[in-house]
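One structure below.
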Amino acid sequence: MAKITASVFTSHVPAIGAAVDLGKTKEPYWQPVFKGYEYSKQWLKDNKPDVILLVFNDHATAFSLEMIPTFAVGCAAEFAVADEGWGPRPVPKVIGHPELAAHIVQSVIQDDFDLTIVNKMDVDHGLTVPLTLMCGQPEAWPCPVIPIAINVVQYPVPSGKRCLNLGKAIRKAVESFDKDLNVQIWGTGGMSHQLQGARAGLINKDFDGAFMDLMIKDPEAQAAVPHINYVREAGSEGIELVMWLTARGAMSDLNGGPPPTVKHRFYHVPASNTAVGHLILENG
Amino acid sequence: MAKITASVFTSHVPAIGAAVDLGKTKEPYWQPVFKGYEYSKQWLKDNKPDVILLVFNDHATAFSLEMIPTFAVGCAAEFAVADEGWGPRPVPKVIGHPELAAHIVQSVIQDDFDLTIVNKMDVDHGLTVPLTLMCGQPEAWPCPVIPIAINVVQYPVPSGKRCLNLGKAIRKAVESFDKDLNVQIWGTGGMSHQLQGARAGLINKDFDGAFMDLMIKDPEAQAAVPHINYVREAGSEGIELVMWLTARGAMSDLNGGPPPTVKHRFYHVPASNTAVGHLILENG
Amino acid sequence: MSLEKPYLDVPGTTLFDMDQSRQGYWLNQFCMSLMKPENRERFKANQRAYVDEWPMTEDQKQAVLDQDLNKAISLGGNIYFLAKLGSTHGKSFQQMAGSMTGMTEEEYRDMMISGGRSIEGNRVVGESGDAQANRQPQGKSRVEGKA
Amino acid sequence: MSLEKPYLDVPGTTLFDMDQSRQGYWLNQFCMSLMKPENRERFKANQRAYVDEWPMTEDQKQAVLDQDLNKAISLGGNIYFLAKLGSTHGKSFQQMAGSMTGMTEEEYRDMMISGGRSIEGNRVVGESGDAQANRQPQGKSRVEGKA
Ligand SMILES: [Fe+3]
Ligand SMILES: [Fe+3]
């Protein structure tokens, strides 16, 4: 039986990817960011998963305005690294897990989530930067990855509650898969940031701290927070944080298990326009 | 306030479109089919809607295997008639209703349906054949149409219950739109048919009749029927009938109103490979 | 695989589930390419060369060249995609569906006019209806084959 | 329009809702085209000719040519689409974001290093924070403009 053993949460700022790709990680500006992930890289080596379910959002890369899925699950054998306008990042292509993805899709759609099945999707910084932060610069990513894309760009976006419940449905799906697999689920995006208008550069450390506290102790309470609070308090692009709820919803304690163990917590300002937040939770 | 006043249900067999386009409607094979829609054409003239919400499925036309949305709502200003391999049908292009579509999308996504927003979609026989059956061959379709596409091609497909509940959410959305609009919702596809394998040509009149009875009297009961029953009893392509439930779910009686009035009921075998079924219900 | 498949006991029927779809991905995407008139022309001008542009298996390519829809479906094809192949060859949906039964076009059309294929004996594998494996192919071709 | 918009009172902020998206459809789709290297080259070689290939309004085209992101957003653009325009011109996300405030690149970068823009006074239109309309543009350009 497959099992979700841990969840990882992290910002996916594109400038972090660029800093690694251009060899700037030792610069004073970037050092504190990467120091915050040193523990995490070792942890991932010690807790190597068989598959990662990576919850992220596409940033007008694979999905133009022609078709905007609320929830999309990547079922392909592989996913190319996107050219976001600077040329593709020099990182390995992403290998999928079509069997588990198909199983999740079948289970979760029958559980009343109206997924879009995706077989072709170039993946952008939303997916590759978390892999870089957690794995460094390997020849190949350590395991297959199933991309789970959530729309947080075109309003209306799904509610925090819906994102949390998607996580619960994913957990149920994984646990009914008949092969033994150690599965991690990663939730990415955020923390507070705004990339537009006169309010660009907004950072709200108090909001971010309270969010991380609730993500650990009471994600159901955080899931009840409406969109407008994220926009007002954490910036127009801070809405990405709802994606953390999907990963959190897949943890055992929301399905009758014991509370998770906090293995790591990190927060830093800034990376480019953004506050960087990071958590690792293991199922108890 | 906008209001859903009636629902129309009909098969959307491509050969029916071809019969009209090629001037074969008076042939003995086709006469009985078109006779069944004579009442309907007059009824539509007498009950001209401001907008039609047209529930249909794409038949590997706008959606390849690259991306398969469970529920997609067309929000564009217009939709081109697709070339399905024989060249586009000689029918008017479809004019959308972007304002109402946007409103429906916003309301229904916030009601926990994970729609895909679609701004570019060539529409195939699933959408144009019902318009032809109900309107004949006009220069322009009588009103704007919002295409609502449901995946019934790639399994897993949504359950009948989920399709019915989508209809309920759509009704709620329409009734909260602030302009006075007379809205009809059409559910298309079916009846029993199978287009593949040694069982091609299957027709099950008893199933179709019972289905139409329940569509009138007890759609909640029909919504509880699992997919396998449709496949086994009504043929592999008979699964299209779940789309009737979305239109039916938008009628008043499922939201506390009086039962609908049956204005018309028609059934005929065959059109090409398929049983043709047709209902018109008005809200009481 | 671990998908539940309650539909495997329906005779003469293949559901286009995620496993079929994965197997037939390029076969179906090849069919989609035939929605463009210029591709239909190129395909008809040299079918072998055109199918060789696609990463299909040799079996899938052969099923395309033979217009063997049953074979194509067994290899992951879906009828709505395969319909693009049929229409490129000028076939109607009725001709395509009929071709999968072994019946002649006339036999199949007559069956439909008489009310279609009966559901009796065709619900579950092992019953005695005309869609069961032991009664294929159907129509005259069977009688002649046996004669 | 009848969409509920509880976010209209957030200062200096435009949410990419369905109305914005409809208005900015071709502007954003134009930006998407810049994801292909060959289109970036064509655009840079003759910007006016390239934007004229798209059914944008003249205002939208001018905002593109001026790289005026605030204007582009007011006309339906979204920052993730507009980022393709910025990257075509070699701009980072930080340079793009900063350009919308009136601050110099250095001023904006320094603000971020010092912990970013404060939320205080910037939650609701009419408060007194630095993102409010009456305090634009920000940074030296404002001081100089007033001097
Ligand atoms: Fe992001
Ligand atoms: Fe159909």
Side-chain angles (χ1 to χ4, degrees), chain A residues 13-15 18 28-29 57-66 68 82-88 122 124-126 152-157 192-207 226-237 239 269-275, chain D residues 6-7 9-18 20-21 24-25 28-29 31-32 34-37 40 69-70 73 78-88 92-94 96-98 100-103 108 111-113 115-119 122-124 129-133 135-138:
Chain A
V13 188
Y29 183 94
N57 68 295
D58 180 78
H59 302 77
T61 305
F63 308 144
S64 73
L65 289 182
E66 289 188 3
I68 304 148
D83 178 349
E84 298 179 58
W86 296 266
D122 288 0
D124 73 11
H125 68 269
V152 291
V153 172
Q154 169 76 72
Y155 280 72
V157 305
S192 58
H193 65 306
Q194 173 149 341
L195 300 178
Q196 52 141 326
R199 212 168 68 132
L202 184 89
I203 298 289
N204 189 340
K205 290 184 192 180
D206 291 343
F207 180 95
H227 293 141
I228 180 63
N229 292 37
Y230 289 88
V231 171
R232 200 183 295 289
E233 296 289 332
S236 48
E237 281 64 46
I239 187 66
V269 176
S272 183
N273 304 284
T274 308
Chain D
Y7 40 79
D9 68 349
V10 180
T13 303
T14 305
L15 282 214
F16 190 56
D17 62 21
M18 297 290 286
Q20 288 297 115
S21 175
Y25 186 76
N28 291 312
Q29 294 295 79
C31 290
M32 283 305 277
L34 298 178
M35 291 182 72
K36 295 213 170 98
R40 294 198 286 270
L69 298 187
N70 278 325
I73 286 173
N78 169 272
I79 185 59
Y80 293 122
F81 291 84
L82 293 169
K84 280 68 175 169
L85 174 63
S87 68
T88 297
S92 72
F93 253 109
Q94 189 167 54
M96 290 184 242
M100 288 182 268
T101 65
M103 282 188 258
Y108 184 84
M111 175 181 81
M112 294 315 301
I113 290 175
R117 180 187 307 282
S118 170
I119 185 70
N122 287 326
R123 290 182 172 89
V124 183
D130 52 8
Q132 300 287 339
R135 294 185 59 181
Q136 305 312 307
Q138 301 165 37

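Chain letters run A, B, ... following the sequence lines, proteins first, then strands; residues in each count from 1. Since the model is a prediction, treat every value here as computed from it, not as a measurement. Hydrogens, waters and symmetry mates are skipped; everything else that's a heavy atom, side chains included, is used.
- Both the backbone and the side chain of A:Q196 come within contact range of chain D, judged by heavy atoms closer than 4.5 Å.
- Residue contact with chain A, scored on non-hydrogen atoms closer than 4.5 Å, involves the side chain of D:I73 exclusively.
- Between the side chain of A:Y29 and the backbone N or O of D:I113, no donor-acceptor pair lies under 3.5 Å.
- You'll find the side chain of A:T274 stays beyond 4.5 Å of the side chain of D:F93, heavy atoms only.
- Contacts of D:I79 with chain A are made by side-chain atoms alone, with heavy-atom separations under 4.5 Å and no backbone atom involved.
- In this structure a side-chain-to-backbone donor-acceptor pair under 3.5 Å is missing from D:Q29 to A:S64.
- Residue A:F207 does not touch chain D at all, counting heavy-atom pairs closer than 4.5 Å.
- Remark: A:R199 pairs with no residue by the salt bridge (Lys or Arg N to Asp or Glu O under 4.0 Å) rule, at least two apart or across chains.
- Residues meeting the side-chain hydrogen bond (donor to acceptor under 3.5 Å, both in side chains) test with A:Y230, sequence neighbours left out: A:Q222.
- Of the residues considered (D:R40, D:Q132, D:R117), D:R117 shows the highest number of contacts with chain A, using heavy-atom pairs under 4.5 Å.
- A distance-only check finds a donor-acceptor pair linking the side chain of A:Q154 to the backbone of D:D17 [under 3.5 Å].
- In this structure a side-chain-to-backbone donor-acceptor pair under 3.5 Å is present from A:R232 to D:R123.
- Residue A:I228 touches chain D through its side chain alone, counting heavy-atom pairs closer than 4.5 Å.
- Of the two parts of A:H227, neither the backbone nor the side chain holds a non-hydrogen atom closer than 4.5 Å to a non-hydrogen atom of chain D.
- Of the atoms belonging to D:M32, it is side-chain heavy atoms, and not backbone ones, that fall under 4.5 Å from chain A.
- No other option in D:P6, D:G86, D:G12 has as many heavy-atom pairs under 4.5 Å with chain A as D:G12.
- Counting only heavy atoms from C-beta outward, the side chains of A:E237 and D:Y80 approach each other to under 4.5 Å.
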Quick one, A:I203 with D:M112, criterion side-chain contact (heavy atoms from CB on, under 4.5 Å). Give me CA distance, side-chain angles, the key distance, then yes/no. CA-CA 8 Å; A:I203 298 289; D:M112 294 315 301; 3.8 Å; yes
